[in-house]
There are 2 protein chains.
Amino acid sequence: MELTRARLRLYYGTLPFGPGKADLLEAIRDSGSISAAGRSMGMSYKRAWSLVEEMNAAFAEPLVASARGGAHGGGARLTRAGEEVLSAYRTILVKLIDHCAPEIAAIGARLRPGGVAEPDRPPADADTPQ
Amino acid sequence: MELTRARLRLYYGTLPFGPGKADLLEAIRDSGSISAAGRSMGMSYKRAWSLVEEMNAAFAEPLVASARGGAHGGGARLTRAGEEVLSAYRTILVKLIDHCAPEIAAIGARLRPGGVAEPDRPPADADTPQ
DNA sequence: GACGGTTATGTCCGAGAAAACATAACGACT
DNA sequence: AGTCGTTATGTTTTCTCGGACATAACCGTC
């Protein structure tokens, strides 16, 4: 059985930083707005915004710069710090998959071949986009 | 700010394997029983047992061998497969901390020095032992 | 044969998290 | 001045996971 997904959450004191925040940063960078980012990943604006607030409060300088009003209602973009934190997190995951391939495969090799018997599951059920 | 904790969860198809199961395996190995393991980590027996069941069902051969009745009511121990899966997971975490130290530090370096201002917290609050 | 500690399994309930819903403020543009 | 999409923030409802209980079966030991 192959590794499907890996979720890494780092705790710096009380601040957790994991896939949720990383994906959100990425979506904000790509879309230019918090609400569009939330929509694109099936997350309520409220939640997306509160994650942004949490990050901005925990870091010395904000990771996301936002503005309201204006041309298209406002928007948000990643700061340099935001870009670099996101990049560092992505690098960690890549290195993990890369350097730990033997151990990851060793676990996978011991799994039951077809996965555990789960009675008729509606196929191709998209990943719940946390 | 220093990294306090790292939680890695691996998904093989529908089976998640993370710190909860790894710690449980370790506690079973050390205590020789599912219930003692659960107690030692503040987890109900029911939950500990269901995690064991989930693992045993997902792997080709069980990770935990259990027996009921007998001298002291029964007990549980790790199989060879259990030992090796646990070992592989631990190795992954060690390698992660080791090889990704620069990126982990890079994120930590951008955090607000004293952590976010949290009004008077009862100090030395032990980690919630998930 | 009763005892005791454990495995095994089901049901019910509550806390905490996330979603849903509701509103206000903002400001470039028309 | 009005519009529009977004940021910002609060309140209420829903849902899910885990904890709390309850019970049975098992089997060396005394």
* With sequence neighbours excluded, what pairs up with A:S35 under the side chain to side chain contact (heavy atoms under 4.5 Å, CB included) test? -> A:S33, A:R39, A:Y45

* To do: For nucleotides 8-15 of chain D, just jot down a letter per nucleotide in 5' to 3' order: B, S or -, based on protein non-hydrogen atoms under 4.0 Å.
  => BBBB----

* Distance, rounded to the nearest Å, where A:R39 contributes CZ and C:dA19 contributes P -> 15 Å

* Structure fact -> When rounded to whole Å, the CE to P distance for the pair A:M43 and C:dA17 reads 15 Å

* Interatomic distance, B:R47 CZ vs C:dC13 C1' [rounded to whole Å] -> 17 Å

* Asked: Heavy atoms, side chains only, cut-off 4.5 Å: are B:M43 and B:D23 in contact?
  -> no

* Output all residues satisfying side chain to side chain contact (heavy atoms under 4.5 Å, CB included) with A:A81, sequence neighbours left out; order by chain, then residue number. => A:E61, A:L63, A:T79, B:R110

* Is there any ring pair (Phe, Tyr, Trp, His ring centres under 6.0 Å) pair reaching into residues 5-40 of chain B, and which pairs are they, with sequence neighbours excluded? -> B:F17-B:Y89

* Heavy atoms, side chains only, cut-off 4.5 Å: are A:R90 and A:L86 in contact? -> yes

* Asked: Which ones in residues 69-78 of chain A lie close to DNA chain C, meaning a heavy atom under 4.0 Å from one of its atoms?
  -> A:G69, A:G70, A:A71

* **Non-hydrogen side-chain atoms of A:R7 and B:P16 separated by less than 4.5 Å** => no

* Asked: Which residues pass the side chain to side chain contact (heavy atoms under 4.5 Å, CB included) test with B:A37, sequence neighbours left out?
  -> B:L24, B:A27, B:I28, B:S31

* Asked: Do A:I97 and B:L93 share a hydrophobic cluster (ILVMFWY, side-chain heavy atoms under 4.5 Å, transitive)?
  -> yes

* Within less than 4.0 Å of OP1 or OP2 of C:dT7, is there a side-chain N or O belonging to B:S35? -> yes

